[in-house]
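Worksheet: the structure to be examined is printed underneath.
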There are 2 protein chains.
Amino acid sequence: MARRSAADGASLQRRTIKEVAARAGVSPATVSRVIGGTYPVAAATRARVRRAMRELDYVVNANARALVAATSNTVAFVVNDVTGPFFAHIARGVEEQATAEGRLCLVCTTHGDPDRELALINLMREQRAEAVILVGGVPETPEYQDRMAKLAHALDGSGSRLVLCGRPALNGDVPQTVVEYDNEGGAFAMTSYLLSAGHERIALLGTVDGLPTSTGRIHGYERALRGRGLPVDPGLMVKGPFAREFGYRATRDLLDRKAEFSAIFAMTDMVAAGVLFALREAGVRVPDDVSVVGFDDIPLAEDLFPALTTVHVPHEELGRAAVRMALNRSEHGGGQYLKMGTHIVIRDSVGPARS
Amino acid sequence: MARRSAADGASLQRRTIKEVAARAGVSPATVSRVIGGTYPVAAATRARVRRAMRELDYVVNANARALVAATSNTVAFVVNDVTGPFFAHIARGVEEQATAEGRLCLVCTTHGDPDRELALINLMREQRAEAVILVGGVPETPEYQDRMAKLAHALDGSGSRLVLCGRPALNGDVPQTVVEYDNEGGAFAMTSYLLSAGHERIALLGTVDGLPTSTGRIHGYERALRGRGLPVDPGLMVKGPFAREFGYRATRDLLDRKAEFSAIFAMTDMVAAGVLFALREAGVRVPDDVSVVGFDDIPLAEDLFPALTTVHVPHEELGRAAVRMALNRSEHGGGQYLKMGTHIVIRDSVGPARS
DNA sequence: TTGAAAGCGCTAACAT
DNA sequence: ATGTTAGCGCTTTCAA
């Protein structure tokens with residue numbers, strides 16, 4: 001395999017605008033004008049410059065441009081974990097919209113570490129990223145609001161924009177762009193659907209304290225029950241992480257302690273995957289014996305058995321909107337807050353309650 | 001929501017090294033030394049500079065640094081589609097290794113368009129990305145070798161490195177780093193496993209002409225059959241894209257035309273998902289009536305029903321290795337080619353052939 | 001329409 | 001240990 005030492009500068013043929021200028025017999029300024037294309041240059045001259053660029057295999061130095069322009073045409077995408085179940089679809093939305101707007105896309109992961117999140121945001125300030133998109137919810141610790149508000153101001157001061165995607169707005173007058181979706185409404189609709197199928201004892205698996213995503217879903221669940229005059233049984237609400245493994249364990253527990261329920265509302269599809277596995281293992285049929293629903297509508301959902309009835313979240317659109325709003329805000333000066341709707345997707349995991 | 005017009009330069013407080021220097025009562029060079037940390041600075045001075053930086057909320061301008069350093073500490077990750085089933089795990093490997101080596105990660109998508117791939121590689125040249133990692137296989141058209149060789153040289157000339165990840169090496173003396181995995185061996189092992197379970201009529205679903213990934217897998221399949229003195233029946237090998245939908249259709253066809261087979265080897269797990277769906281729909285039990293296996297070991301595989309026996313590909317390690325090799329090549333001057341092993345993962349979708 | 005020159009923010013000799 | 005100076009490659013006045 002051919003190699004060339006990274007240190008072997010002599011062999012590097014990075015052409016500059018000057019070399020192109022010399023070859024085309026014009027000044028560097030003219031070459032710059034041809035590149036930029038926003039300034040009148042005689043057709044003949046332009047042709048010569050173009051040819052020189054081609055012959056020398058010239059490519060502009062984006063860093064030099066960014067230095068002058070004081071912006072880097074870059075959007076940063078900060079996420080907990082790239083392998084997260086819906087990361088991919090938000091990422092697609094972000095990437096496509098960024099590309100459509102002529103921007104490049106940086107990706108970083110925090111692994112849920114607030115310190116790392118902070119460090120990354122500063123790194124993005126260094127990069128002069130035009131927008132820093134934080135994806136997914138995080139538990140709101142006491143310091144959270146303060147810390148994020150500071151970061152938002154710091155980014156704003158650097159000409160960059162903090163974007164919260166799938167996370168509620170910060171309190172107060174903070175420079176932020178927020179794109180969230182309706183957790184409460186989705187959970188309400190789903191719970192109502194289960195109720196109308198006759199289920200009155202619905203276990204809610206995977207609630208997380210302080211996580212707004214979780215709180216919203218719980219509220220929707222409770223509102224639907226109360227609307228029918230049904231009690232909210234704390235014994236049916238089980239705390240736990242948004243993970244497959246938790247769904248499995250929690251379901252086993254429920255079964256072991258012979259809890260009374262006819263349906264399980266898993267707080268996420270990943271949790272639902274674990275629930276289904278545990279039920280199958282225990283010989284409980286879905287949806288004949290127990291109905292199961294999830295939340296998120298990740299790609300996996302329709303491949304589960306039975307295909308999972310769940311709440312659809314418009315992940316790709318969230319990503320798209322995040323970029324669009326962050327980049328075009330000065331134009332319409334418009335609203336920098338958007339809450340997208342969610343809706344249930346009915347598949348095969350819900351049946352009528354057995355009387 | 002507080003806003004600040006993007007054009008409102010006056011309110012931007014991007015501090016420069018000069019301002020810090022002035023505030024700390026030193027020269028810009030000293031500040032630079034404090035930032036870099038690679039040069040001796042008196043402790044007292046450093047403290048003053050640090051404080052000035054903090055007070056002004058200074059952050060270095062990565063673009064200015066990159067301009068001087070002639071490199072941008074960036075690695076580019078070029079992929080067909082971010083929602084691809086194993087993208088996420090390669091991405092994790094790339095991102096983590098890049099972070100570990102102090103690099104940032106750019107992500108771009110080609111949507112399978114060769115022109116866009118070319119444009120992206122040039123864009124990465126502009127960015128002075130240290131490595132451009134092309135992920136996943138593509139069909140080798142006649143021009144492919146030539147075009148890629150040119151790009152490899154162009155990147156090399158710009159001090160960047162072309163990395164082929166999950167794609168075979170280019171012919172000839174091309175500056176490239178290649179990290180692939182053993183398609184042939186994996187398919188051979190899997191076919192052998194099916195054979196040893198008594199399956200002799202194994203349908204191979206989803207072969208793609210000219211796609212090296214596919215070719216390798218086919219070879220492994222054929223080698224295993226021939227090794228047992230069994231014929232390769234072209235009627236059991238069905239061409240089609242690596243997609244769920246294809247797996248579904250192809251299986252229906254197989255069933256409709258009453259093809260004779262006891263096992264299905266889906267070329268990818270996504271295809272296998274479609275296969276399982278079609279079989280379930282047709283009332284064919286897995287693995288009692290028909291055994292099914294896949295290739296890739298995507299996260300979905302173990303959530304399928306029955307959990308899918310498949311060939312594991314070390315996606316994350318591939319990503320990691322790609323970055324590591326590309327960045328550290330001059331040091332050991334070592335091999336820039338690596339083929340990782342694959343192995344089968346036995347789950348629940350294979351049973352003994354019925355006699 | 002084109003060229004000359006200044007400067008973006010930083011680093012790296014070269015002085016001191 | 002610190003300051004001075006000269007660029008890195010580009011864009012953008014300002015002149016011509």
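Reminder, nothing fancy here: chain letters follow the sequence lines and each chain counts from 1. Since this is a predicted model, take the numbers as computed values, not measurements. Values reported hereafter were calculated over all heavy atoms of this structure, with side chains retained and with hydrogens, waters and symmetry mates removed.
- Between A:Val60 and B:Thr30, it is B:Thr30 whose nearest contact on DNA chain D lies nearer the 5' terminus.
- Of the residues A:Thr177, A:Val79, A:Val163, A:Val78, the one that meets the side chain to side chain contact (heavy atoms under 4.5 Å, CB included) test with A:Ile133 is A:Val163.
- Counting heavy atoms from C-beta outward, A:Val82 and B:Phe87 have side chains that stay 4.5 Å or more apart.
- Between the P atom of C:dG9 and the CD atom of A:Gln127 lies a distance of 16 Å, rounded to the nearest Å.
- Contacts between residues 44-53 of chain A and DNA chain C, counted as heavy-atom distances below 4.0 Å, involve A:Thr45.
- B:Tyr39 carries B:Arg33 over the face of its six-membered ring, with the cationic atom under 6.0 Å from the centre and within 45° of the normal.
- Summarising the geometry, the separation between CD on A:Glu126 and C1' on C:dC10 is reported as 13 Å, rounded to the nearest angstrom.
- Put simply, CD1 on B:Ile35 is 10 Å from C1' on C:dG9, counting in whole angstrom units.
- Taking atom CG of residue A:Asn61 and atom C1' of nucleotide D:dT11, one finds them 13 Å apart after rounding to whole Å.
- Under 4.0 angstrom from either OP1 or OP2 of C:dG3 there lies at least one side-chain N or O belonging to A:Ser27.
- Of the possible donor and acceptor atoms, one in the side chain of A:Thr16 sits under 3.5 Å from a partner among the backbone N and O of A:Lys18.
- Among the atoms of the strands shown, none is found under 4.0 Å from any heavy atom of B:Val31.
- Between D:dA1, C:dT11, D:dG9, one nucleotide has an atom nearer to the side chain of B:Ala42 than all others, and that is D:dA1.
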Do any N or O atoms of the protein come closer than 3.5 Å to N or O atoms of nucleotides 12-16 of chain C, and which pairs are they?
from   : atom 1 : to      : atom 2 : distance (Å)
C:dA13 : N6     : B:Arg33 : NH2    : 3.0

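- You'll find the side chain of B:Glu143 stays beyond 4.5 Å of the side chain of B:Pro114, heavy atoms only.
- Here the nucleotide nearest the side chain of A:Ala64, chosen from D:dC10, C:dG9, C:dC10, is D:dC10.
- In this structure, A:Arg65 places its CZ atom 14 Å from C1' of C:dC8, rounding to the nearest Å.
- Rounding to whole angstrom units, CD of residue A:Glu19 and C1' of D:dC8 are separated by 13 Å.
- Looking only at distances, no side-chain donor or acceptor of A:Ser32 sits under 3.5 Å from a matching main-chain atom of A:Pro28.
- The closest donor-acceptor contact from the side chain of B:Arg23 to the backbone of B:Val20 lies at 3.5 Å or more, if one exists at all.
- Atom CD1 of B:Ile17 and atom C1' of C:dG7 are 16 Å apart (whole Å).
- Distance alone, capped at 3.5 Å, is enough to place a donor-acceptor pair between the A:Arg116 side chain and the A:Thr109 backbone.
- The distance from atom CZ of B:Arg128 to atom P of D:dC8 is 14 Å, rounded to the nearest whole Å.
- Side-chain N/O atoms of A:Tyr337 and A:Glu180 include a donor and acceptor closer than 3.5 Å.
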